[in-house]
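Chain A is the first sequence line, chain B the second, and so forth, proteins listed ahead of strands; every chain is numbered from 1. Every value quoted in this text rests on a predicted model; they were computed, and no experiment measured them.
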Amino acid sequence: MIKAIKGTNDILPDEIQYWNHLTNIVLNQMNIYNYKEIRTPIFEQTELFSRGIGDSTDIVSKEMYTFIDRSENSLTLKPEMTASVVRAFIEHSLGKQFGLNKLFYISPMFRQERPQAGRFRQFHQFGIEAIGSHNPYLDAEVIQVAFSILQNLGLKDIEVNLNSLGIPEERNKFAEALKDFLSSKKNELSEDSKNRLESNVFRILDSKNQHDQELLAGSPSLIDFLGEESLEHFNKVKELLTIAKIPYSENHKLVRGLDYYTHTTFEILSSKVGAQSALVGGGRYNLLIEQLGGTSTPAVGFAAGIERILLACKAEESFIPAKEEIDIYLIRVDKELENKIFEIGTYFRYNNRTVEFDYLSRSVKAQMREANRLNSKFVLFVGGEEFSKGEVQLKNMSDGEQQIVHLNNLDSILSIIK
RNA sequence: GUGGGCGUAGCUCAGUUGGUUAGAGCGUCUGGUUGUGGCCCAGAAGGUCGUGGGUUCAAAUCCCAUCGCUUACCCCA
């Protein structure tokens with residue numbers, strides 16, 4: 001049997017109801033906050049991601065689906081969307097059309113990792129990118145959009161973590177201080193963290209190794225290295241979150257894996273979805289656009305994992321998808337009336353009613369059972385004696401009431417069934 | 001890449017110290033009088049017990065390998 005690729009999932013009809021509900025909420029909130037949808041290709045030149053996300057990140061160094069096409073170009077299935085949006089922003093000079101571009105997307109992403117709870121090789125994100133302003137009101141708004149969506153999904157057990165990474169100079173000073181602090185304890189660090197000491201010191205901060213965390217006691221804190229402007233920006237964001245009534249925790253150990261972040265970073269976590277608890281991650285990336293060849297433009301955004309969010313929704317039973325039902329089921333009482341059934345069905349469908357009838361030549365009883373299984377609001381019996389008089393029987397499935405309707409009077413049913 | 005757990009019907013699972021034709025619930029299908037659902041009742045279909053090898057008189061059950069799923073680490077949404 002041919003099976004789906006490891007880490008990919010079929011979303012079957014029962015499941016799609018959850019996805020549609022989420023999509024509707026996302027679209028609605030994007031409309032409320034006035035973000036415009038953007039769609040970019042599923043693959044890009046590999047160089048976009050290696051330059052945009054950072055060569056040393058795990059995503060680029062070991063997780064990308066990269067292949068050479070027939071023209072010898074190196075292409076990559078997008079592992080995240082920010083680089084693609086920025087590429088489109090630059091390519092189409094969106095920054096010259098509008099001072100501020102507020103964009104959102106919903107799209108599949110691809111990373112070749114070992115699957116686990118809340119992590120897949122093809123997974124889906126929605127997210128926003130607000131490009132063109134360093135205003136802290138926008139940082140707060142971005143967090144607010146994410147928070148509003150989760151709230152509208154009915155999630156309660158979520159936590160916003162907030163930090164600021166400042167500007168590169170401040171971050172570099174902090175990195176050195178942290179390195180100094182930890183190098184004396186180097187031998188005690190976990191193997192992973194020893195490597196991080198060279199590759200990316202910040203990662204030691206959120207190490208899951210208990211002993212690493214003990215060694216971090218009394219370590220320098222990023223917040224102490226922020227300059228006045230960075231601090232002011234950070235404080236403003238916090239003030240605005242308070243006005244927006246968004247509870248948050250300041251977490252100075254929150255560093256994010258992508259190279260392009262500056263200033264504000266945040267995550268929204270759920271404790272109900274396993275180890276991969278970050279539902280949403282994002283922050284400000286003021287240097288990325290220039291890095292990718294555009295004119296220096298500040299920006300801020302987030303990405304949200306749809307699979308993880310739905311996992312949380314199910315764990316919390318935060319919403320129940322609407323019960324599926326149809327308007328009317330047509331029952332073929334006499335075998336030879338197939339054309340008539342099709343004709344009546346066509347009439348109702350052309351009038352925008354959800355109609356179903358039997359395609360399996362089943363008995364009247366079986367057709368009734370099917371109508372019931374489909375939660376049909378009404379049933380129409382076509383055949384027998386009354387049909388020879390040009391009549392059909394309409395039955396209301398909730399109270400069992402039946403009435404005779406003339407075939408040349410079908411429009412009277414339209415007003416009854418919806 | 002590394003470690004743990006698990007692979008029996010469409011789904012969720014049972015299968016006792018290895019011992020008759022491998023079971024249940026749900027779902028599906030048919031029927032319970034001539035044209036009427038839900039509840040109920042009766043019956044049916046559906047399984048190479050993941051795959052391959054080994055031990056044994058005998059393997060779903062024990063051993064090995066392999067594949068798959070799952071979970072955690074790294075990292076990330």
Side-chain angles (χ1 to χ4, degrees), chain A residues 1 3-7 9 12 14 53-54 56-64 78-82 105-127 146 150 190-193 195-196 199-200 203-204 206-209 255-258 266-270 273-282 301-312 329 331-335 337 360 362-387 392-402:
Chain A
M1 182 170 47
K3 296 206 219 163
I5 306 291
K6 182 202 287 287
N9 294 107
L12 301 177
D14 271 352
I53 302 169
S56 63
T57 60
D58 277 28
I59 292 179
V60 172
S61 64
K62 57 184 201 191
E63 294 171 3
M64 294 202 305
K78 59 186 172 191
E80 60 112 47
M81 190 78 176
T82 302
Y105 59 83
I106 304 177
S107 173
M109 308 291 168
F110 306 85
R111 293 182 200 171
Q112 188 164 6
E113 304 178 85
R114 282 285 280 266
Q116 69 183 73
R119 164 186 291 161
F120 306 98
R121 291 186 169 184
Q122 174 173 342
F123 60 103
H124 299 77
Q125 294 183 331
F126 64 85
L150 298 184
S190 65
E191 277 309 306
D192 283 328
S193 286
N195 295 329
R196 293 181 186 131
S199 62
N200 191 347
R203 292 252 67 99
I204 300 177
D206 56 9
S207 169
K208 285 182 184 171
N209 183 293
V255 291
R256 301 195 43 75
L258 282 51
F266 77 99
E267 282 184 351
I268 303 181
L269 308 174
S270 165
V273 297
Q276 306 308 318
S277 57
L279 267 32
V280 180
F302 73 73
I306 295 179
E307 284 86 352
R308 288 182 188 179
I309 290 172
L310 290 180
L311 221 51
Y329 191 97
I331 299 215
R332 188 197 58 260
V333 175
D334 299 318
K335 271 192 193 125
L337 292 178
L360 302 175
R362 292 196 281 203
S363 66
V364 170
K365 185 192 192 75
Q367 292 179 68
M368 276 303 285
R369 282 185 170 153
E370 180 72 356
N372 189 62
R373 194 182 68 78
L374 295 172
N375 292 318
S376 190
K377 289 182 257 185
F378 291 86
V379 136
L380 197 69
F381 293 95
V382 182
E385 235 179 84
E386 74 264 22
F387 182 76
V392 289
Q393 290 251 14
L394 180 69
K395 175 168 184 166
N396 183 328
M397 291 293 274
S398 57
D399 59 18
E401 292 288 310
Q402 297 194 189

Handout entry: 5'-most by nearest nucleotide on RNA chain B - Arg114(A) or Ile268(A)
Key = Arg114(A)
Handout entry: Spacing between Phe387(A) atom CZ and rG35(B) atom P, to the nearest angstrom
Key = 16 Å
Handout entry: Any donor-acceptor N/O pair under 3.5 Å between rU36(B) base and Gln402(A) side chain
Key = yes
Exercise for the section: Just name whichever nucleotide pairs with rA14(B), Watson-Crick or G-U, keeping both distances under 3.5 Å, else none. Expected result: none
Practice task
Kindly state whether the pair Phe123(A) / rA77(B) counts as stacked, where counting means centroids closer than 5.5 Å and planes tilted less than 30° apart.
Solution key: yes
Exercise for the section: State whether the distance check finds a donor on one side and an acceptor on the other, under 3.5 Å, for side chain Glu386(A) versus base rG35(B). Expected result: yes
Practice task
Grab the CD-P distance between Gln276(A) and rA72(B) for me, whole Å please.
Solution key: 7 Å
Handout entry: Pairing nucleotide - rA65(B), Watson-Crick or G-U, each distance under 3.5 Å
Key = rU51(B)
Problem - Nearest-Å distance once atom P is located in both rC13(B) and rU70(B) - result: 14 Å
Completion exercise
Separation of rU36(B) atom P from Met368(A) atom CE, nearest Å, is 9 Å
Exercise for the section: Would you mind reporting whether Asn209(A) and Ser193(A) have side-chain heavy atoms less than 4.5 Å apart? Expected result: no
Handout entry: Whole-angstrom distance between rG68(B) and rC29(B), as gauged at atom P
Key = 35 Å
Exercise for the section: Quick one: label Lys3(A) by what it contacts on the DNA or RNA (base, sugar-phosphate, nothing), any heavy atom closer than 4.0 Å. Expected result: sugar-phosphate
Exercise for the section: Check whether any side-chain heavy atom of Met397(A) sits under 4.5 Å from a side-chain heavy atom of Met368(A), and report yes or no. Expected result: yes
Exercise for the section: Indicate, with a heavy-atom threshold strictly under 4.0 Å, whether Gln367(A) touches base, sugar-phosphate, or nothing. Expected result: nothing
Fill in the blank from the handout: Mate of rU33(B) across any strand shown (Watson-Crick or G-U wobble, both atom pairs under 3.5 Å) is none
Exercise for the section: Rounded off to whole Å, could you give me the CG-to-C1' distance for the Leu360(A) and rU28(B) pair? Expected result: 12 Å
Practice task
Could you give the distance separating rG25(B) and rU61(B) at their C1' atoms, to the nearest angstrom?
Solution key: 23 Å
Handout entry: Whole angstrom value for the distance that separates P of rC73(B) from CD of Glu113(A)
Key = 12 Å
Problem - Watson-Crick/G-U partner (both atom distances under 3.5 Å) of rC57(B) - result: rG19(B)
Problem - Rounded C1' spacing from rU55(B) to rU16(B) in Å - result: 23 Å
Problem - Arg119(A) (side chain) and rC75(B) (base): donor-acceptor pair under 3.5 Å - result: yes
Practice task
Could you tell me the separation between the NZ atom of Lys365(A) and the CD1 atom of Ile331(A), rounded to the nearest 0.5 Å?
Solution key: 12.0 Å
Exercise for the section: Establish, with yes or no, whether the OP1 or OP2 oxygen of rG31(B) is under 4.0 angstrom from a side-chain nitrogen or oxygen of Ser363(A). Expected result: yes
Problem - Between rG50(B) and rU8(B) - P atom distance, rounded Å - result: 6 Å
Problem - Nearest-nucleotide 5' precedence on RNA chain B, Lys6(A) against Ala303(A) - result: Lys6(A)
Problem - rA14(B) and rG7(B), which share atom name P, separated by this distance in whole Å - result: 8 Å
Fill in the blank from the handout: Pairing partner of rG1(B), by Watson-Crick or G-U wobble and under 3.5 Å for both distances, is rC73(B)
Practice task
Ignoring the backbone of Lys395(A), work out which of rC75(B), rG37(B), rG35(B) is nearest its side chain.
Solution key: rG37(B)
Practice task
Say whether, by atom type as modelled, one donor and one acceptor occur between the side chain of Glu307(A) and the main chain of His124(A) under 3.5 angstrom.
Solution key: yes
Exercise for the section: Round to a whole Å and report the spacing from CZ of Arg121(A) to P of rC76(B). Expected result: 18 Å
Handout entry: Sugar-phosphate, base or nothing in reach of Gly274(A), heavy atoms under 4.0 Å
Key = sugar-phosphate
Practice task
Starting from P on rC76(B), measure out to CZ on Arg308(A) and report it in whole angstrom.
Solution key: 11 Å
Handout entry: Nucleotide paired to rA44(B) in any strand shown, Watson-Crick or G-U, under 3.5 Å
Key = rU28(B)
Problem - Protein-nucleotide distance (Ile306(A), atom CD1; rA77(B), atom P), rounded to Å - result: 14 Å
Problem - Nearest-0.5 Å distance, CD of residue Gln367(A) to CZ of residue Phe381(A) - result: 9.0 Å
Practice task
For atom CG of Asp399(A), decide whether the heavy atoms of other residues, nucleotides or ligands shown that lie under 6.0 angstrom number more than 12.
Solution key: yes
Handout entry: Span that lies between the P atom of rA9(B) and that of rA60(B), in whole angstrom
Key = 14 Å
Exercise for the section: Indicate yes or no: at least one non-hydrogen side-chain atom of Phe123(A) is less than 4.5 angstrom from one of Arg308(A). Expected result: no
Practice task
Assign Gly384(A) to base, sugar-phosphate, or nothing according to its heavy-atom contacts below 4.0 angstrom with the strands shown.
Solution key: base
Handout entry: Listed nucleotide nearest any side-chain atom of Asn372(A), set rC73(B), rU36(B), rG38(B)
Key = rG38(B)
Exercise for the section: Could you give the distance separating rG10(B) and rG47(B) at their C1' atoms, to the nearest angstrom? Expected result: 11 Å
Practice task
Kindly point out which of rC76(B), rU36(B), rC74(B) is positioned nearest to the side chain of Gln393(A)?
Solution key: rU36(B)
Practice task
Name all residues meeting the salt bridge (Lys or Arg N to Asp or Glu O under 4.0 Å) criterion together with Glu267(A); count only those two or more places apart in sequence or in a different chain, and write none if there are none.
Solution key: Arg256(A)
Practice task
Check whether any side-chain N or O of Gln116(A) sits under 4.0 Å from OP1 or OP2 of rU2(B), and answer yes or no.
Solution key: no
Practice task
Sort out for me which residue in Gln125(A), Lys78(A), Glu80(A) forms a side chain to side chain donor-acceptor pair (under 3.5 Å) with Ser107(A).
Solution key: Lys78(A)
Protein N or O to nucleotides 46-52 of chain B N or O, pairs below 3.5 Å:
none

Problem - Check: Lys365(A) side chain, rU36(B) base, donor-acceptor under 3.5 Å - result: no
Handout entry: Side-chain touch Phe387(A)/Leu337(A), heavy atoms, less than 4.5 angstrom
Key = yes
Problem - Heavy-atom donor-acceptor pair, Arg369(A) side-chain to rC29(B) base, under 3.5 Å - result: no
Problem - Distance-only donor-acceptor test, Arg362(A) side-chain atoms vs rG35(B) base atoms, 3.5 Å - result: no
